Amino acid sequence: MSSITLSPGLVYYPDYLDRPAQERLLQSLREITKAAPLFTPRMPRTGKPFSVRMTGCGRLGWVSDKAGYRYQPTHPETGAPWPAMPDQVLRAWESLGAYPYPPDACLVNFYEPAARMGMHQDKDEEAFDAPVVSLSLGDTALFRYGGLERTDPTRSVRLRSGDAIVFGGPARLIYHGVDRLMPGSSDLLPQGGRLNLTLRKVTTPL
DNA sequence: GAGTAGCA
DNA sequence: ACGC
């Protein structure tokens with residue numbers, strides 16, 4: 001499998017999932033959203049909605065509302081436990097994550113064609129020794145990444161359907177975001193858009 | 001500061 | 001740069 005190191009600890013795997021694997025993963029995500037519908041996260045304090053909608057699977061899910069960012073074991077609207085993580089997702093973690101414990105959370109972000117994600121760090125976890133593994137499905141995204149300080153210089157890379165990217169070691173806490181999608185760049189999702197899965201170890205092992 | 005607006 |  002080919003990989004490209006974008007910056008120390010940030011590794012890009014183009015075409016990690018072939019088309020049949022993407023279709024299998026998409027079918028799993030349809031089942032997940034049936035049990036755990038997409039919801040609109042909101043900014044702490046202001047309540048401003050994200051343009052991305054999200055859900056998740058696994059033991060814990062990430063939610064954001066006026067009260068703040070947090071991981072919790074239940075869906076914020078239905079109150080039900082998150083659906084189980086598909087085997088395919090666990091296998092991706094095992095092959096890309098190189099971490100001796102299974103992930104606690106798989107966040108599923110759905111980008112409509114106009115959705116964006118501002119630059120941020122993934123730092124609501126306890127286990128920063130564990131990597132974050134990201135899988136892309138659907139329309140190509142212009143992904144931007146920088147360094148550990150918000151003011152560090154940034155670069156961008158196009159993440160296409162089936163690509164994976166891993167934030168580990170010195171890149172675990174880098175700032176990153178999605179500038180925009182390239183509408184119509186993939187026919188995987190019938191109505192367009194992009195799904196991004198991020199696999200995380202949330203709590204410290206033990 | 002996981003939001004937006006606006007300008008270089 | 002803003003502002004909740």
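What you see is a predicted model, and the numbers here were worked out from it, not measured in a lab. Chain letters run A, B, ... following the sequence lines, proteins first and then strands; every chain starts at 1.
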Practice problem: For A:Tyr111 and B:dG3, give me the distance from atom OH to atom C1', rounded to whole Å. | Solution: 14 Å

Quiz item: Regarding A:Arg172 and the six-membered ring of A:Phe128, is the cationic atom NZ or CZ under 6.0 Å from the ring centre and inside 45° of its axis?
Solution: no

Quiz item: Which whole-number value in Å describes the distance from A:Phe50 CZ to B:dT4 C1'?
Solution: 13 Å

Practice problem: Classify the angle between the aromatic ring planes of A:Tyr99 and A:Trp93 as parallel (below 30°), tilted (30 to 60°) or perpendicular (above 60°). | Solution: perpendicular

Quiz item: To the nearest Å, how far apart are A:Asp179 CG and B:dA5 C1'?
Solution: 16 Å

Quiz item: Using a cut-off of 4.0 Å on non-hydrogen atoms, how would the nucleic acid contact of A:Asp124 be classed: base, sugar-phosphate, or nothing?
Solution: base

Practice problem: Report the distance from atom CZ of A:Arg45 to atom C1' of C:dC4, rounded to the nearest whole Å. | Solution: 7 Å

Quiz item: With a non-hydrogen cut-off below 4.0 angstrom, is A:Lys66 in contact with a base, only sugar-phosphate, or nothing?
Solution: nothing

Practice problem: Would you mind classifying the nucleic acid contact of A:Arg42 as base, sugar-phosphate or nothing, using non-hydrogen atoms under 4.0 angstrom? | Solution: nothing

Quiz item: Once you round it to whole Å, what is the distance between C1' of B:dG3 and CE of A:Met54?
Solution: 15 Å

Quiz prompt | Nucleotide B:dG3, atom P - distance to OH of A:Tyr175 in whole Å | solution = 12 Å

Quiz prompt | Check: A:Arg24/A:Gln27 side-chain N/O donor and acceptor closer than 3.5 Å | solution = no

Quiz prompt | Nucleotide B:dT4, atom C1' - distance to CZ of A:Arg116 in whole Å | solution = 8 Å

Quiz item: Side chains of A:Thr203 and A:Arg59: donor-acceptor distance under 3.5 Å anywhere?
Solution: yes

Self-check item: Nucleotide of B:dT4, B:dG3, C:dC4 approaching A:Thr46 most closely (side-chain heavy atoms)
Solution: C:dC4

Quiz item: Is there a Watson-Crick or G-U wobble partner for C:dA1 with both distances under 3.5 Å, and which nucleotide is it?
Solution: B:dT4

Quiz item: To the nearest angstrom, how far is A:His120 atom NE2 from B:dT4 atom P?
Solution: 13 Å

